[in-house]
Protein chains: 4
Amino acid sequence: MEEFIARGFAATRLDDVAKRAGVAKGTIYLHFKDKEALFEELIRLAIVPLVNRLTAPPPPAAGGTVRDMIEGFARAFIHEVATTRRGDIVRLIVAEGPRFPAVADFYYREVVSRGLAGMRALIELGLARGEIQHKELARFPQILVAPAMIAVIWQSLFARHAPLDANEMFRVHLDLIFGERRTT
Amino acid sequence: MEEFIARGFAATRLDDVAKRAGVAKGTIYLHFKDKEALFEELIRLAIVPLVNRLTAPPPPAAGGTVRDMIEGFARAFIHEVATTRRGDIVRLIVAEGPRFPAVADFYYREVVSRGLAGMRALIELGLARGEIQHKELARFPQILVAPAMIAVIWQSLFARHAPLDANEMFRVHLDLIFGERRTT
Amino acid sequence: MEEFIARGFAATRLDDVAKRAGVAKGTIYLHFKDKEALFEELIRLAIVPLVNRLTAPPPPAAGGTVRDMIEGFARAFIHEVATTRRGDIVRLIVAEGPRFPAVADFYYREVVSRGLAGMRALIELGLARGEIQHKELARFPQILVAPAMIAVIWQSLFARHAPLDANEMFRVHLDLIFGERRTT
Amino acid sequence: MEEFIARGFAATRLDDVAKRAGVAKGTIYLHFKDKEALFEELIRLAIVPLVNRLTAPPPPAAGGTVRDMIEGFARAFIHEVATTRRGDIVRLIVAEGPRFPAVADFYYREVVSRGLAGMRALIELGLARGEIQHKELARFPQILVAPAMIAVIWQSLFARHAPLDANEMFRVHLDLIFGERRTT
DNA sequence: TATGAATGAGCGTTCATTCAT
DNA sequence: TATGAATGAACGCTCATTCAT
């Protein structure tokens with residue numbers, strides 16, 4: 001995966017993949033039909049932790065507010081995805097998705113649609129509890145996660161030009177949605 | 001450009017580029033040092049219209065509200081970038097940027113930093129006029145454009161799974177920032 | 001080697017080398033970094049027999065005269081180098097040496113300097129024994145071998161215009177150095 | 001010519017030849033059928049001065065000895081050929097001759113055979129005058145010029161390993177042929 | 001099951017040659 | 001006669017894939 005992330009599908013050499021995996025080049029073909037199958041399998045494998053992150057501990061009990069749940073989730077996402085190698089996987093999917101429909105499909109099914117469904121549920125909970133005012137937000141949960149996605153891309157491309165405090169940005173974003181906080 | 005968009009840098013064959021351009025393979029080398037130079041030049045060339053889109057019609061006079069200016073701008077961006085081939089250029093830059101620092105640099109300098117500066121100016125105008133309440137938004141103009149970027153990526157990757165009404169999404173996003181509209 | 005001899009470095013096609021070697025083109029690159037490395041290795045390999053020819057049978061015992069030793073050696077050189085494919089290797093080195101300093105260096109170190117040192121030793125032995133009169137010859141052992149070198153080049157270039165009896169020429173040359181023979 | 005000398009026939013680019021000649025690439029084809037024809041013509045042209053050197057002022061009058069004539073000639077040859085770019089032409093002919101029979105033929109006819117004939121004439125004059133003792137030398141005039149040829153090759157290939165005083169070497173060589181000189 | 005040497009199709013790049021101007 | 005942009009065949013090199021061990 002590291003190799004594919006660093007170089008993209010076409011520019012990655014199976015020689016390097018094998019070396020990194022500590023096996024011989026031929027061994028890859030015992031487990032995967034060809035380079036494309038290997039790539040798709042690896043992406044699938046790499047997506048699982050992302051899914052786990054999403055579906056894992058359904059927001060800690062009922063104690064917290066919806067904002068707390070979302071913020072906690074975002075904080076985890078930013079910490080574990082946006083600022084790590086996992087963020088590059090997302091970028092890799094953006095990069096190779098159009099040439100690997102199977103990859104885009106899988107990612108949409110396992111991550112995007114489920115993630116958006118989860119966000120929509122939280123938004124609706126927020127609306128029900130009166131924490132969120134804007135009803136139409138539930139129609140576009142993408143808006144909720146957009147800054148987190150932007151943070152992922154920013155880290156890969158522009159971090160060295162201008163660092164971005166993703167957590168702080170997301171907090172400001174939540175202020176927009178939930179209204180400004182009095183005290184933190 | 002079409003070839004690079006469709007296949008990415010590494011998988012694009014100069015044979016195909018030449019054929020598409022209606023010239024012989026060798027002719028490419030009369031104009032570009034090598035494949036990388038060709039790619040970087042093409043990206044540069046393709047970015048110019050994006051920049052023009054950004055800097056062109058300085059929001060129509062003073063008559064309109066800040067929201068109108070932003071909405072007009074977003075509508076233009078979505079119409080001319082997100083839903084066209086130009087959107088794929090943005091995706092291509094996201095995909096190849098890490099392997100082509102020159103490309104990422106150029107894009108940051110010409111598009112990102114200027115775009116964000118423009119957005120920040122509009123946000124500050126909105127704050128001054130009282131249209132925008134949330135002061136901290138000016139610190140993260142990325143939040144303002146995030147849904148537009150998401151729309152670009154969505155079109156490339158997931159349009160066929162679930163179409164996304166980018167204009168409508170952006171309108172909802174602006175409602176969050178400017179407060180809900182009385183009249184639509 | 002045959003291919004390089006027949007066409008020179010630049011005009012030799014690796015396709016042909018591979019075909020002649022009975023392997024696929026890619027196989028060459030398992031053993032040599034590139035065409036230059038292949039060429040230099042082949043030259044090195046081809047020079048070894050020349051060196052062996054030089055250093056091998058240390059002139060037969062002490063029985064013979066110095067002239068006999070030199071003549072025996074020259075006869076072997078003419079028979080095994082000048083009139084064979086190995087002679088073309090020498091010509092190849094003359095041809096490509098200036099563009100392959102590593103080749104020229106190696107050839108100088110392994111063949112030329114050792115060969116001249118050997119000749120100088122024989123000349124000094126000849127002087128000590130009174131067989132050779134001309135003291136200064138030891139300063140230029142090149143004079144001793146010059147006709148042999150000329151014979152090598154002649155075979156490659158002019159053999160078809162005018163055959164050259166290299167052995168006979170060398171005998172005349174030795175007559176000059178050792179004085180004419182009484183009995184032949 | 002400079003280009004062909006520096007790189008050999010195959011590795012020389014007509015682009016560079018044209019640039020060096022101060023004409024456009026196409027212009028070459030107005031004067032020469034193709035690269036081979038250009039090469040052969042250039043060689044022919046370059047050989048002319050060598051020939052002139054050979055046939056020029058037939059040894060100064062009758063005053064001098066045969067040795068003086070040969071020595072004068074050799075000195076001129078070494079000064080004007082062995083240690084100059086013209087020497088590289090000889091090396092170029094050795095290098096490319098086998099692939100360009102026309103070149104080898106021309107060189108043999110214009111230079112080698114005439115040169116050897118001239119040398120043979122001088123040798124016979126030397127024999128007639130009693131300056132040279134060794135009758136058989138006339139059968140192999142190559143022996144007379146061999147050290148000069150060696151000097152040419154040496155300059156190109158080994159000059160930097162070990163400089164060679166060609167004039168001094170040739171003087172020693174002449175001592176062998178004419179007998180040692182009392183006074184110089 | 002694992003290896004890695006061998007393969008050869010395929011690609012980037014070069015450069016002799018052409019030809020419209 | 002001279003130009004130099006354009007051509008495209010050809011070559012060096014790579015790398016996904018195979019297969020004998």
Side-chain angles (χ1 to χ4, degrees), chain A residues 3-4 7-40, chain B residues 3-4 7-19 21-39, chain C residues 3-4 7-19 21-39, chain D residues 3-4 7-40:
Chain A
E3 294 291 329
F4 282 120
R7 269 173 278 284
F9 175 78
T12 293
R13 290 185 295 262
L14 288 190
D15 247 332
D16 294 338
V17 172
K19 206 164 291 164
R20 184 84 79 113
V23 300
K25 216 179 347 167
T27 308
I28 293 174
Y29 286 84
L30 297 177
H31 301 286
F32 305 94
K33 186 179 148 292
D34 57 14
K35 194 186 178 187
E36 296 202 4
L38 166 67
F39 180 66
E40 296 185 359
Chain B
E3 293 290 329
F4 282 120
R7 270 175 273 288
F9 175 79
T12 293
R13 290 184 296 257
L14 289 187
D15 250 331
D16 294 339
V17 172
K19 208 163 292 165
V23 300
K25 214 173 1 158
T27 308
I28 292 173
Y29 288 85
L30 296 178
H31 302 284
F32 306 95
K33 191 181 144 293
D34 57 14
K35 194 186 179 187
E36 294 203 6
L38 167 65
F39 180 67
Chain C
E3 293 290 328
F4 282 120
R7 268 175 275 287
F9 175 79
T12 293
R13 290 185 297 257
L14 289 188
D15 250 330
D16 294 338
V17 173
K19 209 163 292 166
V23 300
K25 210 174 4 160
T27 307
I28 292 173
Y29 288 86
L30 296 177
H31 301 285
F32 306 94
K33 189 180 145 292
D34 56 15
K35 195 186 178 186
E36 295 202 6
L38 167 65
F39 180 68
Chain D
E3 294 290 329
F4 282 119
R7 269 174 277 286
F9 174 78
T12 293
R13 290 185 295 263
L14 288 190
D15 246 331
D16 294 338
V17 172
K19 205 164 294 162
R20 184 83 79 112
V23 301
K25 217 179 345 166
T27 308
I28 293 173
Y29 286 84
L30 297 178
H31 301 284
F32 305 95
K33 187 179 148 291
D34 56 15
K35 195 187 178 188
E36 296 202 3
L38 166 65
F39 180 68
E40 296 187 358

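Letters A, B, ... mirror the listed sequences (proteins, then strands); counts begin at 1.
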Can you work out whether B/Ile28 or D/Ala24 has the more 5'-proximal nearest nucleotide on DNA chain F? D/Ala24

Note, DNA chain E 5' to 3' with Watson-Crick or G-U pairs under 3.5 Å encoded as ( ), [ ], | and . gives .||||||||||||||||||||

Just jot down the salt bridge (charged side-chain N to carboxylate O under 4.0 Å, His left out) partners of C/Glu3, sequence neighbours excluded, or say none. C/Arg7, C/Arg20

Just the rounded figure in Å: distance from [atom2] of [N] to [atom1] of [X].
{"X": "C/Leu30", "N": "E/dG8", "atom1": "CG", "atom2": "C1'", "answer": "12 Å"}
{"X": "A/Phe39", "N": "F/dA16", "atom1": "CZ", "atom2": "C1'", "answer": "16 Å"}
{"X": "C/Phe32", "N": "F/dG12", "atom1": "CZ", "atom2": "C1'", "answer": "16 Å"}
{"X": "B/Lys19", "N": "E/dC11", "atom1": "NZ", "atom2": "C1'", "answer": "13 Å"}

[atom1]/[X] to [atom2]/[Y] distance, rounded to the nearest 0.5 angstrom?
{"X": "A/Lys35", "Y": "A/Phe4", "atom1": "NZ", "atom2": "CZ", "answer": "6.0 Å"}
{"X": "B/Glu36", "Y": "B/Phe9", "atom1": "CD", "atom2": "CZ", "answer": "4.5 Å"}
{"X": "D/Lys33", "Y": "D/Glu40", "atom1": "NZ", "atom2": "CD", "answer": "9.5 Å"}

Just list the side-chain donor-acceptor pairs under 3.5 Å for residues 22-31 of chain D, sequence neighbours left out, or say none.
from	atom 1	to	atom 2	distance (Å)
D/Thr27	OG1	D/Ala24	O	3.3

So, is C/His31 near the phosphate of E/dA6, with a side-chain N or O under 4.0 Å from OP1 or OP2? yes

Going by side-chain hydrogen bond (donor to acceptor under 3.5 Å, both in side chains), name the residues that satisfy it together with B/Asp15, two or more places apart in sequence or in a different chain. none

Residues forming a side-chain hydrogen bond (donor to acceptor under 3.5 Å, both in side chains) with C/Asp34, sequence neighbours excluded: none

For nucleotides 13-21 of chain E, 5' to 3', base contacts (B), sugar-phosphate-only contacts (S) and non-contacts (-) with protein non-hydrogen atoms under 4.0 Å give BBSSBB---

